Amino acid sequence: MNRFAIGFGCIVAATALAPAPGRTETVEENYRLYCVQCHGMAGTGQGVNQTAGGLAVSARDHTSAEQMAKLTDDEIRLAIAKGGDAVQKSELMPPWGDVLAAKDIDDLVAYLRKLCKCAAAK
Amino acid sequence: MARYRFPIVAGSGLLLAIVPAGNATALDGKAVFAEKCASCHTAAGPAPTTFQGVLRRKAPDLHYAGSKFKREWLVRWTQNPTPIRSSGTMFLNHVVTEDGKDRIDSRTVLSCPSRLSSQEAETVGDYLMSLKDPNMRIGVVDRNRKFSTSVALRLFTKQYPCMGCHTVKIRDKETGGVSGPPLTDAGERLNPDWVYARIENPQYWDPKTWMPRIELSHEKRETLTLFVVAPK
């Protein structure tokens with residue numbers, strides 16, 4: 001086993017173990033980084049910006065099956081990517097489409113369905 | 001005693017040559033920064049590229065301080081570092097949840113413990129102002145442009161989500177969110193060209209910032225910038 005083989009093996013291992021570019025975060029981490037500031041650590045819509053009185057329109061309660069079941073997955077996807085205005089909701093919901101990849105947004109939609117324990121509207 | 005005179009004179013001359021005299025130099029500021037600031041602030045970059053890296057950041061990045069700040073504010077503030085961000089450098093590190101409601105635990109938000117002398121502040125000011133971003137456009141904001149406060153307020157509070165995360169003073173009342181830095185006195189500390197650039201592409205400055213990137217015309221972005229840096 002020469003040094004070249006060992007070195008090559010190390011490179012292969014490092015590449016296999018390294019996170020994919022732009023996909024270093026779990027869905028929980030993305031939710032914490034981008035969503036929690038308004039929607040809260042518990043997802044109830046009581047994030048620090050809400051409780052500080054910064055939101056003229058309340059952030060949605062992601063744990064509410066009643067609220068979340070009204071939305072289709074596509075509506076949630078669009079709200080995350082293009083902002084609240086794109087789904088006739090408050091502009092206080094920012095667009096994250098320049099920040100999150102499509103797969104990240106799909107993962108978040110699935111995560112939100114877990115939070116509300118509810119299915120998408122038909 | 002005569003045999004000691006030459007070494008004393010020579011030694012004194014050498015000492016005078018080593019001790020910097022006259023105006024502060026960037027090199028001195030770098031040393032003061034290393035001693036008094038670098039345990040929390042980075043002057044080297046790059047900004048963290050992971051969520052965990054953002055959580056670990058103790059104080060704002062300063063590797064583009066010369067593009068971001070006004071020198072006079074840096075020199076003044078470092079002599080008396082009063083808190084700027086009530087939610088800390090990263091708000092998630094200071095959130096407590098009670099009965100399903102989040103709030104910032106201000107007891108965990110620590111002020112900058114360093115306090116510079118006036119001479120140190122001048123040298124650190126010089127050093128930090130030498131740290132420029134090579135890509136930031138200079139002079140993109142027309143600082144003399146008159147803007148309508150009501151138009152700016154509509155943009156800031158209704159059409160775009162700015163006030164959701166940033167506190168400003170409107171009609172003498174501080175209002176807005178707290179997950180982003182307050183902007184009430186932003187004009188005292190920030191370069192308008194940097195504010196413009198930050199709004200244009202927050203992720204350029206901080207890849208894992210929790211500020212969204214929003215498409216805006218130059219006019220709207222300039223209006224928001226002028227509003228942010230205006231005295232309130």
Side-chain angles (χ1 to χ4, degrees), chain A residues 18-64 79-86 89-101 104 115, chain B residues 48-55 86-88 90-106 154-168 170 173-180 182-183 200-204 206-216:
Chain A
R23 294 300 318 281
T24 55
E25 273 64 43
T26 63
V27 66
E28 290 87 359
E29 286 175 331
N30 278 334
Y31 189 84
R32 282 182 69 199
L33 183 58
Y34 301 116
C35 315
V36 154
Q37 53 193 325
C38 296
H39 292 281
M41 296 288 275
T44 55
Q46 296 294 321
V48 290
N49 291 331
Q50 173 75 39
T51 58
L55 305 181
V57 175
S58 293
R60 187 174 291 269
D61 180 353
H62 291 154
T63 66
S64 163
I80 296 173
K82 300 283 184 195
D85 192 39
K89 301 293 179 195
S90 170
E91 291 88 354
L92 284 167
M93 170 62 190
W96 297 104
D98 278 337
V99 172
L100 293 167
D104 292 325
L115 283 182
Chain B
T49 54
T50 65
F51 174 63
Q52 295 299 329
V54 163
L55 291 181
S86 57
S87 304
M90 206 307 173
F91 76 98
L92 283 175
N93 289 328
H94 306 282
V95 174
V96 291
T97 307
E98 289 160 349
D99 297 324
K101 294 189 183 187
D102 293 353
R103 64 174 179 85
I104 296 295
D105 183 356
S106 55
R154 184 179 56 76
L155 293 173
F156 193 88
T157 68
K158 289 195 169 46
Q159 190 169 355
Y160 297 106
C162 320
M163 203 167 78
C165 300
H166 293 286
T167 292
V168 286
I170 298 175
K173 186 169 175 279
E174 301 243 326
T175 182
V178 296
S179 62
L183 299 178
E200 186 176 28
N201 190 350
Q203 285 69 30
Y204 171 80
D206 188 4
K208 287 295 173 182
T209 178
W210 47 106
M211 174 171 171
R213 186 175 186 187
I214 296 177
E215 207 177 298
L216 289 167

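Keep in mind it's a predicted model, so treat the numbers as computed, not measured. Below, chains carry the letters A, B, ... as their sequence lines are ordered, and counting in each starts from 1.
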What closest approach, in Å, do [X] and [Y] show between heavy atoms, and which atom pair accounts for it?
X: B/Thr209; Y: A/Tyr34; answer: O-CE2, 3.5 Å
X: B/Trp210; Y: A/Trp96; answer: O-CH2, 3.3 Å
X: B/Arg213; Y: A/Asp98; answer: O-OD2, 3.9 Å
X: B/Phe51; Y: A/Glu29; answer: CD2-CG, 3.4 Å
X: A/Leu55; Y: B/Gly164; answer: CD2-CA, 3.7 Å

Taking only residues two or more places apart in sequence, or in another chain, which ones meet [X] in a salt bridge (charged side-chain N to carboxylate O under 4.0 Å, His left out)?
X: B/Glu98; value: B/Arg103
X: B/Glu200; value: B/Arg137, B/Arg221
X: A/Asp61; value: none

What part of [X] gets closer than 4.5 Å to chain A, counting heavy atoms only: side chain, backbone, both or neither?
X: B/Val95; value: side chain
X: B/Gln159; value: backbone
X: B/Thr97; value: side chain
X: B/Met211; value: backbone
X: B/Thr167; value: neither

Please state whether the side chain, the backbone, both or neither of A/Leu33 comes within less than 4.5 Å of a heavy atom of chain B.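 Its backbone and side chain both get close to chain B.
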Which atoms of A/Val48 come close to chain B, meaning under 4.5 Å heavy atom to heavy atom: side chain ones, backbone ones, both, or neither?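 Backbone plus side chain of A/Val48, per the 4.5 Å heavy-atom cut-off to chain B.
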Spacing of CD belonging to A/Glu91 relative to CG belonging to B/Leu155, to within rounding of 0.5 Å: 11.5 Å
Criterion side chain to side chain contact (heavy atoms under 4.5 Å, CB included) against A/Asn49, the qualifying member of B/Ser87, B/Pro161, B/Ser179: B/Ser179
Pick from B/Cys162, B/Pro212, B/Gly176, B/Cys165 with the largest number of heavy-atom pairs that fall under 4.5 Å of chain A: B/Pro212
Within a strict 4.5 Å, meaning less than it, do heavy atoms of the A/Thr51 and B/Lys101 side chains meet?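 A/Thr51 reaches B/Lys101 side chain to side chain.
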Going by atom types only, do B/Gln52 and A/Glu25 share a side-chain donor-acceptor pair under 3.5 Å? no
Can you pull out the residues in residues 38-45 of chain A with any heavy atom less than 4.5 Å from chain B?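 Contacts with chain B: A/Gly40, A/Met41, A/Thr44.
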